[in-house]
Amino acid sequence: MLTKKQHELLLYIHGHLGAEGVSPSFDEMKEALGLKSKSGIHRLITGLVERGFIRRLPHRARAVEVLRLPDDVPQAAPGGRFAPRVIEGAFRTSLPGTTVASVVDAVQLPLYGKIAAGTPIEALRDHSNYVDVPAGLLGRGEHYALAVEGDSMVDAGILDGDTVVIERGETAETGAIVVALIDDEEATLKRFRRHGKSIALEPANTDYETRIFPPERVQIQGRLICLLRQY
């Protein structure tokens with residue numbers, strides 16, 4: 001769940017984007033929340049990013065995008081800027097603020113089999129299975145889906161049995177949840193971070209350890225954009 005200040009900042013950013021079309025500055029956010037320093041804003045933004053409510057936009061200073069709102073806030077956004085990112089089902093408390101999207105104008109994505117959210121396993125390439133995903137949740141790139149196996153990402157709201165939708169790509173921002181291919185044979189779903197000259201693949205479960213590799217051993221195969229869950 002969001003803290004009071006995180007909730008307040010998220011709504012302020014959302015409203016500013018709707019009214020002005022650009023992200024507020026750190027000074028504007030600091031004044032809006034009545035904080036004394038920008039460091040508090042940095043901590044709040046980091047928390048919102050880690051919980052999947054906003055993301056930082058690359059190559060643009062201080063620019064952020066609102067991905068979703070808490071469930072106690074109407075989901076319609078001024079100018080149509082906001083789109084829900086999670087679909088299908090009644091979600092657990094590990095995913096606060098999720099909404100249900102209609103499977104209208106759905107796109108069929110290939111389901112490439114299971115990927116371990118715990119110990120890495122080879123990603124299967126089984127094109128005989130497909131999943132329907134609302135077109136509004138997808139960007140302009142190429143996408144595919146994977147079935148999650150394991151519990152190492154539970155604190156990020158990703159549970160065993162979920163289906164994750166991945167936007168294919170070879171690069172990712174630090175802090176993004178990605179599909180990483182290790183040594184050209186093992187695939188895993190983890191949070192990507194740069195650790196000096198190395199790459200850290202970080203779980204979201206304290207029962208698991210962060211694994212660190214030289215960059216030549218890790219290939220990014222895409223980043224998580226949403227997940228599907230059914231009961």
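Formation of a donor-acceptor pair under 3.5 Å by the Lys5 side chain with backbone atoms of Leu33 is found in this model.
Of all the heavy atoms in Leu35 and Gly40, the pair that sits closest is CD1-C, 4.1 Å. For the residue pair Gly150 and Asp160, the shortest heavy atom distance occurs at N-OD1, 2.8 Å. Heavy atoms only, all atoms of each residue included: Leu69 and Phe53 are closest at C-CE2, 3.9 Å. Residues Gln221 and Leu181 approach most closely at NE2-CD2, 3.5 Å, considering heavy atoms. Heavy-atom minimum distance, Leu48 versus Leu2: CD2-CD2, 3.8 Å. Taking both residues in full, the closest heavy atoms of Leu17 and Ser23 are given as CD2-N, 3.6 Å, listed atom of the first, atom of the second, then distance.
Here Lys190 does not pair with Glu202 in a salt bridge; the nearest charged N to carboxylate O distance is not below 4.0 Å. Under the 4.0 Å criterion applied to side-chain N and carboxylate O atoms, Arg193 and Glu50 are assigned as salt-bridge partners.
If you take CZ on Arg217 and CD on Gln219, they are separated by 14.0 Å, rounding to the nearest 0.5 Å. Rounding to the nearest 0.5 angstrom, the gap separating the OG1 atom in Thr46 from the CZ atom in Arg43 is 9.5 Å. If you take CG on Leu228 and CG on Asp132, they are separated by 9.5 Å, rounding to the nearest 0.5 Å.
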(message) Would Leu138 and Ile225 count as a side chain to side chain contact (heavy atoms under 4.5 Å, CB included) here? Give the steps.
(response) CA-CA 8 Å; Leu138 305 177; Ile225 61 167; 3.8 Å; yes
(request) Evaluate the criterion side chain to side chain contact (heavy atoms under 4.5 Å, CB included) for residue pair Val154 and Leu159; output intermediate values, then yes/no. (result) CA-CA 5 Å; Val154 294; Leu159 310 182; 4.0 Å; yes
(message) One pair to check against side chain to side chain contact (heavy atoms under 4.5 Å, CB included): Leu111 and Tyr130. What are the steps and the verdict?
(response) CA-CA 5 Å; Leu111 179 62; Tyr130 292 85; 5.9 Å; no
(request) Determine, step by step, whether Arg211 and Ile182 satisfy the side chain to side chain contact (heavy atoms under 4.5 Å, CB included) criterion, reporting the C-alpha distance in whole Å, the side-chain angles of both residues, the deciding distance to 0.1 Å, and the verdict. (result) CA-CA 11 Å; Arg211 302 177 69 190; Ile182 303 168; 4.0 Å; yes
